[in-house]
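Take a look at the structure set out below.
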Amino acid sequence: MKVMVQFAAVFNLDKCLGCHACSIACKNLWTNREGTEYMWWNNVETKPGPGYPNQWEDQDKWHGGWILTKDGKLKLAIGGRIARLLELFSNPYLPTIDDYYEPFTYTYSDLVKQDDGKQPVAKPISLISKKPIEIDKGPNWNDDLAGGTETILQDPNVKKLQDKIKTDFENAFMMYLPRICNHCLNPSCMAACPAGAIYKRVEDGIVLTDQQKCRGWRFCIAACPYKKVYYNWSTGKAEKCILCYPRIENGQPPACFQQCVGRIRYIGPVFYDADRVLWAVSAGDPKEIIDRHLEIILDPYDPDVVKNAKENGIDEDFIKTAQRTPVYKMMKVWRIALPLHPEYRTLPMVWYIPPLSPIVENMKISDEQIFPLVDQMRIPLEYLASLFTAGDVDRVKNVLKKLLALRIYQRYIRLHKNPPGWIFKETSLTEKDFEEMYKVLAIAKIEDRFVIPTAHKEKAIKMFEEEIAPEYGQGHRGMEIAAKKPRDLRLRA
Amino acid sequence: MTWQKFENKGREWEEFYRQRWAYAKAIRSTHGVNCTGSCSWLIYVKDGIIITEMQALDYPTINEEIPPYEPRGCPRGASFSWYEYAPHRIKHPYIRKQLLKLWREELEKTKDPIKAWENIVEDPEKVKLYKENRGKGGFVRISWDEVEELVSAALIYTIKKYGPDRIAGFTPIPAMSMVSYAAGTRFLSLIGGVIMSFYDWYADLPIASPQVWGEQTDVPESADWFNSTYIIDWGTNIPQTRTPDAHFLSEVRYRGTKVVAISPDYAEYVKFADLWLHPKPGTDGALALAMAHVIAKEFHVDRQVKYFTEYLKKYTDAPFLVILEQQNGRVIPGRFLRASDIIENVINGEWKLVVYDTLKGRFVIPHGSIGFRWSDEKKWNLKLQDSLTGENIEPALTFLGIEDQRMMISLTRLDEKGFIEREIPVKLVKLANGKQICVTTVFDLLLANLGIKRGDLKGYPTSYDDDKPYTPAWQEKITGVPRDLVIQVAREFAKNAEDTNGKSMILVGAGVNHWFNSDLIYRAIITILMLIGAIGVNGGGWAHYVGQEKVRPFEGWQTIAFARDWMPATRFQNTTTWIYIHSDQWKYGSLTLDKLTPNNTLYKHPADYIVLAVKRGWTPFYPQFDKNPLNLSPENVIDKISSGEVGFAITDPDNPINFPRILFIWRANLLFSSGKGSEYILKHLLGTHNSVSNTEDAKDKMTEITWREPTPIGKLDLIVDLNFRMDSSALYSDIVLPAATWYEKYDISSTDMHTFVHPFQPAIDPPWEARNDWDIFVNLAKKFSEMASRYLNGKHKDVVYLPLFHDTPDEISQSLIEEELDPPYISAHLASKIIPKRNFGNLIVIERDYTKVYEMMISLGPLIRDKELLYVGIPVNYRKEYEELKEELGEIDDRPDIKEAKKVAEVILRLSGATNGEVSVKEYKQLEVKTGLNFSDLYEGISEIKIKFDDIIASPKRVIDSPIESGIVKGERTYNPFTFNIEYEVPWRTLSGRQHFYLDHPIIRELGEQLPIYAPPLEYNKVIKDKDTLVLRYLTPHGKWQIHSTFMDNLRMLTLFRGGPVIWLNEEDARSVGIKDNEWVEVFNENGVTVVRAVVSNRIPRGTAIMYHAQERTVYINESRLRGIIGGSHNAVTMVHIKPTWLIGGYAQFSYALNYYGAVGTQRDTIVAVRRWRT
């Protein structure tokens, strides 16, 4: 066992408003520079729908993530090292700007300056070519089922389930799926990089692209099954969500977490066994991956785990916060959170609580029932299973049943009645679990949503002294190094 | 292992992103946008540049049982910093070049600015030069000095020539930035200008609220949803339009609360529901009445729930008695029986109502009617006591079983124009004049109206399946909602209230309130809530969420905004009638009264009712007379009006002497965003290009207004717009002044969605030549006063015509009882003798010294120190606070200095009960005197609380209780309206002092709307269907990527959806005429045209077009091929319609107050044609 730390997140989709405040928070901070305009490190998709970039889930087309070879070996879906080297100059699995959208702005100053006797109108121009364009794509083009049936049918999950999905008005359904980089335990982007520019930080598991080392090969973009690495056409480097490490290091949540008005986002450190990652992703049946994934996520109260963690140099406060964050409980104890597309075998560390939904048309809620039953709900269980459980419908059903049971439990308590027995039996949850789940999901205070120890920068300073001190001379390292930090490391290709 | 690699060193590059996150300071401010969010934000500044914003997380916790308010914000607010340095930011003062040329030429010629302005505006050729170029670009820069001189000259000329009531200003929603609101309204109040309303004009005013409660709007803060156990969300798109509050709705589900969504489309809020009902658009009233039917039957007739019954007796008008009258051979419900009918010499006897006491078996006058509010009897309370004897009473809800006889009555129905005949029990009453009449209770009438069969009473539906008003079966064919679902939801909702003593809540909003008949729809919904005792209960009640802002520090704001510290009165204007009349939409009269009711009516055309209402003093209208009010001699003006020598401007609005002349717009996008009938506005008020194709056909339907031809083009001489961005209204104005943004000024924000007050602060000083709104008007006042000392010197007597105001003794002016006995009971033609208040409004004389406007603007006037002023009917004096403020803010001529916005903010906080405990205590004590009640446990200990501006800079602060509000926050409670009334027996400010099912004003009876009935959506306009054209019901809800028009031109928001204005269509509808997704379409009718892109979707019901409102006409809009002109805004296809019942006044809760009671500008009842745009 080798205990490592990873910041893990849970997004409660049952509360997601689809408001995109998260996307704007990220855009304002990180991707409002030339070359990054089209990037949405955090984006929100209306599902069913093709998403951004278009149909990113279609791995038949993109070959993202990992696959198991016939002899059970794990391999990048885009091919091995040699195959990739042969494709260095023409990567067939790379999305083009058309798969995202051509970023645009408008001739705004016409509104102030125009003087030709006509009403001025700000017209769109491309941010790349600077020429007038007609807008026919965007990072959220099918918001709230815009585009209708035609667009819904482009959703790769829907394609698989066509006979189970209805798209008429009466049976309309939708949900929102906010997405950031999953900071996977087994990142295929990292494995694909020929320059070794992508690394996973040892102290928190954040996956980063070194902007100095990156040579713009873009294999990471192809290899990431979530399409969460982007190419900066101005610098010629790959860029991606950095989980706001400059904020995390100060104990602040990433901007998209702080700005989440639906209060759906939870973040905290979890422990995992780095020695068994390969075992976890090598499950024959993709449906088993979640169980193995959960198995290598370690109980922060287990004395062995704590001991091993300490031996591995993990700080005391990381241990305490790993014990305090409800992220672990949501994933492994209550088992109400699920990973997005576990079948990609990257072990994503942003997990999701799937949403409840209104009862389907023409079904009836019986008098004693008050809420719709899980299999009466409008979002097809198969659809959710396609997103979150590699098709395992029972697993999705169990999660939804727990959310429903929580609601029933609380309603009975509030009306001073005894809750029905099935909600305990069928969910294996206790009164204490329900009370605690309620506190975490409903009251959801900051101290539950964001459990973030500050980075142990003192160690970094020491590290500089030991390892690169000669370059800087003697003295008070911290101050001096700060003074000599390069101001802007942006490099142009 | 190569597949997983950890790196420890060589990570210096990570500084790159750390540097990007670095900032120099973070300042607390917020967004002054009309969304009711009132979210506290931190604004980040680096190198003197605003770089980004993030939500503040430090709201005080209300209590540990409720989720906290953090974080508040939304993607729109989060993208505001983009505007700061956007290319269409207004950086300098701009003016239309043709006007500047004229101005400079005339000024050069005359050397007299007033003469120069006269030479321009009195020359039809000259004004045409700039008016017909409005909206067509061609702005040039002008200096602040020059523009202030021009505007002052225009003001002075207009005041001298036409009068100050020809100058109007529009700005909405003070709560979103109260100092900025007050800047212009204070200036206008001081010069005698007109302050235009917004809440009614936006159609956000739920006119049912003043009708039922005498209250503009009062709603639960969003945290109170968390106390509910059953929520129906009915037409308010919480995640989309109440984004920062939506989490309470998602979270309360985990508390076991059931959520039902009622929406015609699969809207965002349906996501949080357990059950979705989708009635056809505009039929919500039918659904609500059927639910009320089920609840009344199962919880009031088949069996009684004690909590519900007691509630009706004490807190509603259900037991009050109504006279049944004969009319055209029918028996119809008439007016309430009054104390004066049965006993002589009762104080305010016409304003006290009567119940039947079952204990003594007699008719009694209980406490609490409005007559007690304006007497010294100390009986304005809800105690169930006989006001004459003091004995306890037990009011009869029904006469069934104790009736003297039974009677078949006729109730108006509007789904099929006609009457419902139902039998009810009645009692006979002998009047003081010896006459004998029949009366019944409101409760009996209500059950008759809903169609609840009792015993062998005749004329009732026999079951839920009997297709008669208002059964579940009857509604099914109208709404399309299966009857079983209606029965189920109604039953569950009421049962939940029975189990929890009223914790059933209905969230409502624009989806039901923007309809022409919204008052009836809302009254039906409120009926449900009253029947189950949910109003005034934490976790229960009516939660209206559209435009419903709340200025928590109300008294201070009102004092500053309307210069109450200096002036005894202000000219307030209902904007709907102002726009309707002045943009001549009344001449295109397609909606006449015969289309609204089967009853005989006084007039056919709604505009005639406006004349009646203005003459009677019910509703205001400016300009008031066809003379300059400064030139009327106060001594004999009444005689001159009587003789007709002085005429009402409303009777001849197309006469140039009655034109409005100057319009200020700030913090608003009046011409398009809320400009119902915007193309008519362009035509008649602005005089520029437009796409109206309608005909002026109302001539023969009018009786009270002079018809002039041709209809004037371009009535307004000058439009001044204060703005930070070139929005649609700025584009069509003559002068655009650079306003500071929300990140560049001091101000205060509050809302009714939460109970905090928090500040705006400048993160940077206003860039370029921008100024904050307060400074802009202070500087204008300075220049104006300087010029006035040369051109408008001396003291002027301004004769001001005012309506009869709510919450003043005027609200019991016109009982109309005498007139009623002598029909025709009300006449538009004035009686030979005018008696102010009795059959006329109020005339007062205000002495104005225009040279002193600046001094008054920048210092707090002595009136609040020397007098007691009424705030919501409560007298308050500020002697102590006045001295305090002088000390703290410094003095100008022995008066507190308010030259700067930050000082104004301090005054607002100090003078308000919600933020100053001492003021609150004063107010409670005054109310104790009036009611004879004791509120000491509410005000005990609060006199030490004083929230200062520096306090709210530190963190948002929660307000304290005051009797200005109807909810209670003390004891860590969430705010829910009317808890004060329920728990402390304080009357509502209505005729009965209770919540009203029944309304008895003669105009309401004329339309047949005494009780909530069903009225279908209007179909006033005809659009021709052909094979290429869809004919659709046009809905304009609030959008996802904008707050009204703000953010609709923001690159971030445009990027996150379709990049420009769109209209949503059902995909099958679209397919039927070959419209594809993202294709340009023309949306048109006789009112105008807009050209936008189509979004086709399966979440939109057939026959319906949804165009999210207030998409700017400045970005990515196309030219119309049909009308050969640039497509307009979403309001291009709408027009204003007036319902006479919105105009009544001088009658208890039906009395005028700004944004309180008045015509609403609805726009949902529109039909449009949609077709592909052709090249």
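The sequence lines fix the lettering, A, B, ..., with proteins before strands; numbering per chain opens at 1. What you are looking at is a predicted structure, and each value in this text was computed from that prediction instead of being measured.
Side-chain atoms of A:Gln258 come within 3.5 Å of backbone N or O of B:Gln55 as a donor-acceptor pair. With hydrogens and angles ignored, the 3.5 Å screen pairs no side-chain donor or acceptor of A:Arg263 with any backbone N or O of B:Pro71.
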Kindly indicate, with the supporting measurements, whether the criterion side chain to side chain donor-acceptor pair (under 3.5 Å) is fulfilled by A:Tyr438 and B:Glu251.
CA-CA 9 Å; A:Tyr438 170 73; B:Glu251 285 156 351; over 6 Å; no
Test salt bridge (charged side-chain N to carboxylate O under 4.0 Å, His left out) applied to B:Lys1076 and A:Glu150, step by step:
CA-CA 11 Å; B:Lys1076 295 195 187 68; A:Glu150 211 172 297; over 6 Å; no
Determine, step by step, whether B:Arg18 and A:Asn250 satisfy the side chain to side chain donor-acceptor pair (under 3.5 Å) criterion, reporting the C-alpha distance in whole Å, the side-chain angles of both residues, the deciding distance to 0.1 Å, and the verdict.
CA-CA 11 Å; B:Arg18 288 195 194 102; A:Asn250 294 302; over 6 Å; no
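Ring geometry, B:Tyr17 versus A:Trp30: the interplanar angle exceeds 60°, so the pair is classed perpendicular (tilted spans 30 to 60°).
Salt bridge A:Lys364/B:Asp484: absent, no basic N to carboxylate O contact under 4.0 Å. Between A:Lys439 and B:Glu64 there is no salt bridge, since no side-chain nitrogen of the basic residue lies less than 4.0 Å from a carboxylate oxygen of the acidic one.
For chain B, the nearby part of A:Cys260 is the backbone; its heavy atoms alone come within less than 4.5 Å. With a 4.5 Å cut-off on non-hydrogen atoms, A:Lys137 does not touch chain B at all. Using a 4.5 Å cut-off between heavy atoms, A:Ile152 touches chain B through its side chain atoms alone. Proximity to chain A involves both the backbone and the side chain of B:Asn1098, based on heavy atoms less than 4.5 angstrom apart. Of the two parts of B:Lys258, the backbone and the side chain both hold a non-hydrogen atom closer than 4.5 Å to a non-hydrogen atom of chain A. With a threshold of 4.5 angstrom between heavy atoms, A:Leu415 approaches chain B through side-chain atoms but not through N, CA, C or O. For a residue to count as touching a neighbouring chain, one of its non-hydrogen atoms must lie under 4.5 Å from one of that chain's; by this rule B:Arg1093 touches chain A with the side chain only.
Centroid-to-centroid, the aromatic rings of A:Tyr106 and B:His88 stay 6.0 Å apart or farther.
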